[in-house]
Number of protein chains: 2
Amino acid sequence: MQRGFSRRILEGGQLLFKQGEASHGVYCVSSGLIALRCHHEDGSSTLMRLAYPGEIVGYRSFLSNLPHQTEARALLPSRICTVSKQTAERVAGETPGTLGRLANRCLKEIDRSHERIIAAAKLTNKERLADLLCRLMAIHGGQQGAEISMRLPLSRMDLADLIGVQPETMSRLVKRLEEDGLFSFAGREVRMPVASLQEAPELNSLG
Amino acid sequence: MQRGFSRRILEGGQLLFKQGEASHGVYCVSSGLIALRCHHEDGSSTLMRLAYPGEIVGYRSFLSNLPHQTEARALLPSRICTVSKQTAERVAGETPGTLGRLANRCLKEIDRSHERIIAAAKLTNKERLADLLCRLMAIHGGQQGAEISMRLPLSRMDLADLIGVQPETMSRLVKRLEEDGLFSFAGREVRMPVASLQEAPELNSLG
DNA sequence: GAACCAAGTTGACGACGGTCAATCTCAAGG
DNA sequence: CCTTGAGATTGACCGTCGTCAACTTGGTTC
């Protein structure tokens with residue numbers, strides 16, 4: 001916290017900050033994958049965002065001076081660059097454009113959220129899952145011949161929390177996607193024929 | 001567009017700006033009610049936001065220099081203060097803090113969106129409708145004895161677009177709320193026993 | 001008043017999702 | 001080897017929602 005910047009290594013499953021904590025600064029993801037999850041009073045939770053390298057987390061609490069609304073946890077081994085609160089405030093004051101770039105992150109988050117609200121209203125759960133898998137495939141997947149495959153960075157429960165369904169329903173959605181021939185699953189290993197990209201018309205616009 | 005500021009009167013149903021248009025500046029709602037609606041390729045639409053007096057609309061396109069993602073339409077007779085693009089840019093450049101205040105609007109929008117995403121994931125449609133009606137009642141309603149009543153500023157289709165269901169389902173939700181004794185409906189006139197505020201436990205936290 | 005149109009409602013039907021309970025899998029530990 | 005426990009799956013049941021179609025309502029126009 002004394003020095004302005006510091007690096008931190010997180011293993012998969014480790015916590016970056018807790019929901020309800022006050023802001024200690026902003027965090028930049030150097031490598032890995034961070035999940036921002038909102039816990040509810042009833043014990044359930046919703047996965048609000050996946051933060052990839054280059055993205056910034058914790059800026060909402062930094063800008064608004066309110067407690068974190070989500071917890072941040074590494075899904076994969078991750079390297080995080082931490083900018084302490086004082087340093088961040090100093091840089092934002094001294095360097096023009098910094099605030100504007102942060103505002104741009106906010107706009108991105110707004111667009112992301114609006115897309116998700118619309119998707120929740122207009123698409124079926126199966127379509128939303130197929131969409132999500134395509135996006136994950138684009139990031140985590142590797143192509144082998146006519147197939148793309150990846151190791152899912154998310155458990156079934158995380159997928160369920162992201163789509164907004166129960167784990168049982170997630171199992172059924174996975175089964176239905178497999179029956180449709182769009183994907184095939186083996187635990188966290190997922191394979192997708194390249195043809196599937198064309199099969200799901202709405203997905204392209206969302207990429 | 002020449003002068004920096006101008007007032008504009010909109011009747012209910014009139015358009016403030018169209019989806020896909022380039023930004024011409026920012027708009028401040030002086031009185032009335034503005035609906036921000038996103039139209040989709042399939043002809044359907046989603047009501048993204050209701051903007052009340054004191055709120056600002058069109059700032060996303062202004063800040064990002066991208067076309068409006070929504071159309072803005074008056075639901076009630078409204079008075080709008082328009083700040084042209086050049087003026088807004090000049091003010092933002094000259095007056096420190098303006099950008100920060102705009103960023104605060106963005107944070108509010110993010111919080112609103114996140115609440116809505118969580119509500120969509122965790123609440124039933126009936127609960128979401130009851131929640132929405134309570135909020136509208138708090139703004140548009142007047143108390144008479146043990147009841148609060150209002151004239152809905154929204155059609156059933158608008159309500160459906162806001163909750164994310166079909167009009168037929170909205171009819172059934174309304175009927176079920178009436179059977180539960182939480183509300184009573186006569187066209188756009190809605191009445192609610194004050195006791196209903198306590199009846200719906202989750203609603204309080206969302207107010 | 002008759003004709004008309006949009007908004008809203010109702011019914012029937014099938015598909016989907018939440019819930020509860022039982023089972024399965026797999027990896028870690030004794 | 002057996003036990004344990006968490007994650008994941010499956011089946012059964014029921015309530016809800018989307019869809020299509022028919023109908024009602026209310027307001028506007030001629």
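To find a chain, count down the sequence lines: A is the first, B the second, and so on, and within it residues start at 1.
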Looking only at side-chain atoms of A/Lys175, point me to the closest of D/dG18, D/dT10, C/dT19.
D/dT10
Give the nucleotide from the list C/dT19, D/dG18, D/dA21 with an atom nearest to the side chain of B/Glu168.
D/dA21
In this structure, how many angstroms lie between the C1' atom of D/dG7 and the CG atom of A/Leu152, rounded?
14 Å
Between CZ of B/Arg128 and C1' of D/dC17 the distance, given in whole Å, is 12 Å
For D/dT16 and B/Asn125 - does any side-chain N or O of the residue sit under 4.0 Å from the phosphate oxygens OP1/OP2?
no
When the distance from NZ of B/Lys122 to C1' of C/dG17 is rounded to whole Å, what number comes out?
13 Å
Does A/Ser171 make a side-chain N or O approach to OP1 or OP2 of D/dA8 shorter than 4.0 Å?
no
Can a donor-acceptor pair be found between the side chains of A/Arg128 and A/Asn125 at a distance below 3.5 Å?
yes
Going by heavy atoms in the side chains, are A/Thr87 and A/Glu89 under 4.5 Å from each other?
no
From CG of B/Asp158 across to C1' of C/dA6 the rounded distance in Å is 14 Å
To the nearest angstrom, how far is A/Leu173 atom CG from C/dA15 atom P?
16 Å
Residue pair A/Arg188/A/Arg172 against DNA chain D: nearer the 5' end by closest nucleotide is A/Arg188
Please determine whether any donor N or O and acceptor N or O are separated by less than 3.5 Å between the side chain of B/Arg156 and the base of C/dT10.
no
With respect to the phosphate group of D/dC17, does any side-chain polar atom (N or O) of B/Arg176 fall under 4.0 Å of OP1 or OP2?
yes
D/dG18 C1' sits how many Å from A/Leu123 CG, rounded?
14 Å
From CD of A/Gln166 across to P of D/dG7 the rounded distance in Å is 15 Å
Non-neighbouring partners of A/Lys122 that pass salt bridge (charged side-chain N to carboxylate O under 4.0 Å, His left out), sequence neighbours left out
none
Assign A/Met157 to base, sugar-phosphate, or nothing according to its heavy-atom contacts below 4.0 angstrom with the strands shown.
sugar-phosphate
What contact category does A/Val174 fall into here, base, sugar-phosphate, or nothing, at under 4.0 angstrom with non-hydrogen atoms?
nothing
A/Arg49/A/Glu55 salt bridge by N-O under 4.0 Å criterion
yes
Could you tell me whether A/Ser155 contacts a base, only the sugar-phosphate backbone, or nothing, with contacts defined as non-hydrogen atoms closer than 4.0 Å?
sugar-phosphate
Can a donor-acceptor pair be found between the side chains of B/Glu109 and A/His114 at a distance below 3.5 Å?
yes
